[in-house]
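The basis for the numbers below is simple: all heavy atoms, side chains too, and nothing from hydrogens, waters or symmetry mates. None of the values given here were measured: they were computed from a predicted structure.
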Protein chains: 2
Amino acid sequence: MPTAAKESQADRPKRRVGRPRAAQGPDGGAAPAAEPRDQILAAASELFTVQGYTATSTRAIAARAGMRQASMYYHFPSKEALLSSLLETTVAPSLEFAEWALAERDASAEARLWALARIDAAQLAGAEHNLGALYLLPEVQQEAFAPFRQMRGRLRDSYRELLGRTDPARDYPPGGLAERAHLVFGLVEGVILARLEHAPVADPATYSAGVADGVLRLAGSRDLPFARRQGLRLCADWIGRSEHLPSSTTPKDRA
Amino acid sequence: MPTAAKESQADRPKRRVGRPRAAQGPDGGAAPAAEPRDQILAAASELFTVQGYTATSTRAIAARAGMRQASMYYHFPSKEALLSSLLETTVAPSLEFAEWALAERDASAEARLWALARIDAAQLAGAEHNLGALYLLPEVQQEAFAPFRQMRGRLRDSYRELLGRTDPARDYPPGGLAERAHLVFGLVEGVILARLEHAPVADPATYSAGVADGVLRLAGSRDLPFARRQGLRLCADWIGRSEHLPSSTTPKDRA
DNA sequence: ATTATCTATAGATCTATAGATAATGC
DNA sequence: ATTATCTATAGATCTATAGATAATGC
C-alpha cells in the first residue's frame, strides 16, 4: 500500500487522484495544501470581504485557490453556494452554544446571556476576515439563503429568550422585550461595523468581554461582576465540552 | 411667452430645456417629476440597498429614473459618484448636529451624547431605504470614498469626545475610552442590522430614543432620566434652529 | 446657442457547461 | 474506472464614450 509509506518530508504534498493542477505562477502565499474545498472557501472568504461578493469573479477565487476558473465548479455548484457555506459556517458555532446555554438551567439567565454575547462577539471579532459584513448583502434576502437566515433568526431568538428571563433592576429598562433584544443583538453585531475601521480588532478576547458587559448593562443587570464570573465559567465549560466531542456535533437540522 | 401662461393643472410637468425623454412605458410609480439628479439618486438608493451596488446596473438605475442608460452620465460622471453622493448625504446631518452639540457647552456631556445618539439612530432607522448598509460595501475602502470615510470618522470622534466628558458612576465602565466609544458607535449603527429583518423599524422615534438610552447605560450614566430630558430639549433646539436656516448650511468642508 | 436627452457601440468582462485529459486505484 | 483537473466557449451581460437630435432661450 504505497499511501501508507512514511513521507520523507512533512510538507511534501500528498499524491492525489485526478488530473494534477497546471503550474499557476507564484503560489500566492495561500494555505500550503489543504483540501481543495477549503482552499476555495478561504479564497472566497478573503475576496468577498475585501472586494465584495458581486465584484469578485469566480475566476479570481479559483486563481487564489490555485486552480482554473471552471475547476471550482467541481466542488461547488455555484457562486451562491460558496456564500451560503461561508455564512452558515459563521453563525453555526454561536448558535450551537446558544442552544446549549438555553438548556443549562443551573446557571442564571444573566450569566448565560453574558456568555452568549462573549462567544458570539469573539467569533465576529476574531475571524480572519470580517465575514459578518456579508450578512448585509442584499443577495442574502434571496431564497437560496433561507437556511442561513433561519439560523440567524434562531440565534436572535435565543438572545431574546435569555434576556426575557433576566431580572432587571428598578424601572430598568423601558421598551418591549423584542425591542430590547434588538438593541442587544445590535450591540453584539456592532462588532462587524467596528471592524470596518481598524482591520482585525486589537484583542478579541478583551473586546468581546467588553461587549458582553455592555449587554448586561443594557439588560439592567444588578450584579454584573457576579454574572460575568459565572458567564466566564460557562464559556470555559463549553470550550472544554466541545474539545471532547469528535469535531463538534454538526448543528442539528431541526427547525 | 407660453411658459408664463398659468398652468391649468398643478401637476402638469414644467416644460424643460433639452431634448425630451422618450416614452418609457409605465412610469414605475417613481416620484412625479423631481429634478433628474434627484430621480437618479432615489433610484440608486432603492436599487443599491435592495439588489446591491455591483449587482445594480447603470441601465437599471436609469430605467427607474425614467431615462436611457447613457443619459445618466450627463448628471453623474460615474456609478461611484452616485454611491459617494448617497453615502455623504447619509452622514452629513448627524455630523452637522455632532459639531453643533460639541460646542454647546451649556448642556451636560451626557445630554449631548443622548441627543447625538437619538438623532443619528433616528436618521438610520427612519430613512426610506437602509442606506447605512452601504457603509459595509468593500468598495467604500477605495480612494474615491475617502471624503465619506473622513466624515464618518469625525462623527465617531464626536461620540468619543462626548463620551470622554461624561462622568460615569462607580467603577463603571472598564476598558479604554476608544474601546467604549466603539461599543457606543456600534450600538447606534446596530440599527442598520436590526433593519435587515423587518424592513423599516416600526417606530423610529421610540426606537431611537431606546438606542440613546442604551448609549447612556453603556456610558454608566448616573441620572438617565435627567440626561434624557435635557437631551430631548437639545434635539428640539436643533430642529428649531435648522428650520430657520436657508436649507441647513452645507457641511463645512474643513478637515 | 445651450441643454438634456437619445441611439449605437467599443471593449471588456462574467458564469456555467461541454467535453478532453492526466493522474491514481484496482 | 474513477477522480480532479484542464481548455474552450456560448451567451449574456456591463460601463462609459461618441456623436446625433429635439427641445427651449435669446
Subject >> salt_bridge(B/Arg156, B/Glu161) N-O dist < 4.0 Å >> reply: no
**OP:** Report the residue (A/Ala70 or A/Ala55) whose heavy-atom-nearest nucleotide on DNA chain C is the more 5′ of the two.
**Re:** A/Ala55
Subject >> Among B/Met151, B/Glu96, B/Arg154, side chain to side chain contact (heavy atoms under 4.5 Å, CB included) partner for B/Val91 >> reply: B/Met151
Original post:
Charged N to carboxylate O under 4.0 angstrom, B/Arg152 versus B/Glu88?
Top reply: no
Subject >> Distance test, side-chain N/O of A/Arg68 to OP1/OP2 of D/dT7, below 4.0 Å >> reply: yes
Subject >> Sugar-phosphate, base or nothing in reach of A/Ser57, heavy atoms under 4.0 Å >> reply: sugar-phosphate
Original post:
Which base, if any, makes a Watson-Crick or G-U wobble pair with C/dA12, both distances under 3.5 Å?
Top reply: D/dT13
Original post:
Checking all strands, does A/Ser71 fall into the base, sugar-phosphate, or nothing category for heavy-atom contacts under 4.0 angstrom?
Top reply: base
Subject >> Position toward the 5' end of DNA chain D (nearest nucleotide), B/Lys79 or A/Gly18 >> reply: A/Gly18
Original post:
Given B/Thr56, which of B/Leu83, B/Thr49, B/Ile61, B/Val50 fulfils the side chain to side chain contact (heavy atoms under 4.5 Å, CB included) condition?
Top reply: B/Ile61
Original post:
Just checking A/Thr54: base, sugar-phosphate only, or nothing, at a heavy-atom cut-off of under 4.0 Å?
Top reply: nothing
**OP:** Both distances under 3.5 Å, Watson-Crick or G-U wobble: report the partner of D/dT24, or none.
**Re:** C/dA1
